[in-house]
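Every chain is numbered from 1, with letters handed out A, B, ... down the list of sequences.
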2 protein chains.
Amino acid sequence: MPTSTVENYLKAILVRSSDEVGVVSTGALAEALGVTPGTITTMVKSMAARGLLEHQPREGVRLTPEGRAHALAVVRKHRLVETFLVQVLQMDWKEVHQEAEALEHAISDRVLLKIDAILGHPAADPHGDPIPSRKSPVLGRGKGVTLASCEPQKQLRVERILDQSAPFLEFIQKSGLMPGARVRVRERDRASGVVRCDLKEGETTLGLPEAAKIEVKVS
Amino acid sequence: MPTSTVENYLKAILVRSSDEVGVVSTGALAEALGVTPGTITTMVKSMAARGLLEHQPREGVRLTPEGRAHALAVVRKHRLVETFLVQVLQMDWKEVHQEAEALEHAISDRVLLKIDAILGHPAADPHGDPIPSRKSPVLGRGKGVTLASCEPQKQLRVERILDQSAPFLEFIQKSGLMPGARVRVRERDRASGVVRCDLKEGETTLGLPEAAKIEVKVS
DNA sequence: ATTTTGTCTTTGACGACTCAAAGAGTTTAT
DNA sequence: ATAAACTCTTTGAGTCGTCAAAGACAAAAT
């Protein structure tokens, strides 16, 4: 049974292996996990020895089917727990990511099944991130249109928030841009790097990089 | 912040320091925690250095106020989680102890507050163990009468089960001796070591050591 | 083609937790 | 009172996850 450290490594690799080959550099992992590059090399070697991933020295790392399956299970746990914390325990939207970060390693499959059932087998968590089911290799990230890339003036619906940091989520909450909200891009100015949107509660303004973290759908 | 290992040591000491002085031998801890005596000595020294307990070599160990407070917080977490798993997640009575053993180290105080509120601030967990509140030094164990020590023929009510092992809990469940159940000792035979009880569902028989694990109250 | 720069790996070390086995202290028995 | 038995501590060692610093490699610049 992998330790929670190993589970965090698996998750970090999975989330960052979006391209076809699914290779992640050890440097990117060091950055993501907040440890030194040497630590990554050491851990990666031991995980490779355990069959969780393959390591091409100086190239990068790729999950094996087993590693990938385990990583997906952890992500599933994380997202179901987040959903549970919001819907059942009524916790604040911007706190649950941090809480789930700890709980995902402590919750058994038995408990997870109960949670999943109580929630009615949800397809997405409170940030709009899809919840992988027990077998599907789902994990699309940033495939869709965002507030930075959509056509202006169209009626949109917020689908997903691609940044779980507390300050960003707080801004989202304050401005009413949470998943499900209706929104329309009134004006986007490449020169000033500003996006101005209309929504029910009024108007809001944000920078282009921030707008790129809000996935939307024409509605 | 203590690691979960340290929290388990604290809990083990608290639960075993029932007498006045509150001293626990390192041998008893080794037994309880399933590690070798040498390991206990080492850990105990480092915990003493951190101010969580006092260690009289070859005498035993006693929690400091700080250690005791932390131990109580862990026990509170454990018992609230157990109650939550049974009442909200509808989990099986005999599974929740094991689950809570992991969750008690991962759940934040924020989440605990929500759980406590949803449950309506319960005073006891599903086994009848009292849930310490944030300040009270409550932790009586085995103070009351048990099926092995009560007067026969009296109408009793099961208060508390003093053994969380799955096989024992299964027996309790099967025979209907769960907390709250009405029961009467029909006959107790010291020679054969057998206690025979009547309850609504019929009759049940158990050994004296087992009967001593069932705390009751005259009703 | 060399050098520089940047990234990745190796090496030596440490803290937390653990064991096995040897040593020391205390209690009990004879 | 001395030995035997029991309990506790010490010592040496191992695993896991980590760092700092030194070394190796590859890509980019001159």
Side-chain angles (χ1 to χ4, degrees), chain A residues 1-14 16-17 19 21-63 66-67 70-71 74 101-102 104-106, chain B residues 1-14 16-17 19 21-63 66-67 70-71 74 101-102 104-106:
Chain A
M1 208 155 299
T3 63
S4 36
T5 305
V6 168
E7 288 189 341
N8 282 334
Y9 277 66
L10 289 173
K11 213 177 31 155
I13 297 166
L14 177 69
R16 276 155 195 82
S17 59
D19 65 337
V21 272
V23 169
V24 182
S25 75
T26 56
L29 289 178
E31 165 78 28
L33 293 165
V35 299
T36 61
T39 302
I40 298 289
T41 303
T42 310
M43 281 298 290
V44 141
K45 280 203 288 195
S46 91
M47 289 169 72
R50 279 212 252 170
L52 294 171
L53 49 80
E54 286 157 29
H55 181 208
Q56 246 63 51
R58 276 164 221 282
E59 281 285 309
V61 130
R62 180 178 25 225
L63 293 179
E66 184 190 342
H70 201 98
V74 176
E101 209 59 41
E104 68 190 0
H105 309 297
Chain B
M1 210 155 297
T3 64
S4 36
T5 305
V6 168
E7 289 189 341
N8 282 333
Y9 277 65
L10 288 173
K11 211 176 35 156
I13 296 166
L14 178 68
R16 276 156 193 82
S17 59
D19 64 338
V21 271
V23 169
V24 182
S25 75
T26 57
L29 289 179
E31 166 78 29
L33 293 165
V35 299
T36 60
T39 302
I40 297 289
T41 304
T42 309
M43 281 299 290
V44 140
K45 279 203 289 193
S46 90
M47 289 169 72
R50 280 213 254 169
L52 295 171
L53 48 79
E54 285 157 30
H55 180 208
Q56 245 63 51
R58 271 162 227 282
E59 281 284 309
V61 129
R62 179 179 24 224
L63 293 179
E66 184 190 342
H70 200 98
V74 176
E101 208 59 42
E104 68 190 1
H105 309 296

Minimum heavy-atom distance between [X] and [Y], given as atom pair plus value:
X: A:Leu10; Y: A:Ala71; answer: O-CB, 3.7 Å
X: B:Pro2; Y: B:Arg50; answer: CA-NH1, 3.9 Å
X: B:Gly22; Y: B:Ser17; answer: O-CB, 3.5 Å
X: A:Asn8; Y: A:Glu101; answer: OD1-OE2, 4.0 Å

Starting at atom [atom1] of [X], determine the distance to atom [atom2] of [N], rounded to an integer number of angstrom.
X: B:Glu31; N: D:dC8; atom1: CD; atom2: C1'; result: 15 Å
X: A:Leu10; N: D:dG17; atom1: CG; atom2: C1'; result: 15 Å
X: B:Leu29; N: C:dT18; atom1: CG; atom2: C1'; result: 16 Å
X: B:Asn8; N: C:dA16; atom1: CG; atom2: P; result: 17 Å
X: A:Arg50; N: D:dT15; atom1: CZ; atom2: P; result: 14 Å
X: A:His105; N: D:dC16; atom1: NE2; atom2: P; result: 18 Å

Would you tell me if any nitrogen or oxygen in the side chain of A:Ser46 comes within less than 4.0 Å of OP1 or OP2 on D:dG17? no
Strictly below 4.0 Å: does B:Tyr9 bring a side-chain N or O up to OP1 or OP2 of C:dA16? no
Could you go through nucleotides 8-12 of chain C and list every protein N or O atom that sits under 3.5 Å from one of its N or O atoms, giving the distance for each pair?
from	atom 1	to	atom 2	distance (Å)
C:dC8	OP2	A:Gly27	N	3.3
C:dC8	O3'	A:Arg58	N	3.4
C:dC8	O2	A:Arg58	NH1	3.2
C:dT9	OP1	A:His55	NE2	2.8
C:dT9	OP1	A:Arg58	N	3.2
C:dT9	OP2	A:Thr26	OG1	3.4
C:dT9	OP2	A:Thr41	OG1	2.8
C:dT9	O4'	A:Arg58	NH2	3.3
C:dT10	OP2	A:Lys45	NZ	2.7

Please identify each residue that fulfils side-chain hydrogen bond (donor to acceptor under 3.5 Å, both in side chains) with A:Thr36, with sequence neighbours left out.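 A:Thr36: side-chain hydrogen bond (donor to acceptor under 3.5 Å, both in side chains) contacts with A:Thr39.
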Close side-chain approach of B:Thr3 and B:His105, heavy atoms under 4.5 Å: no
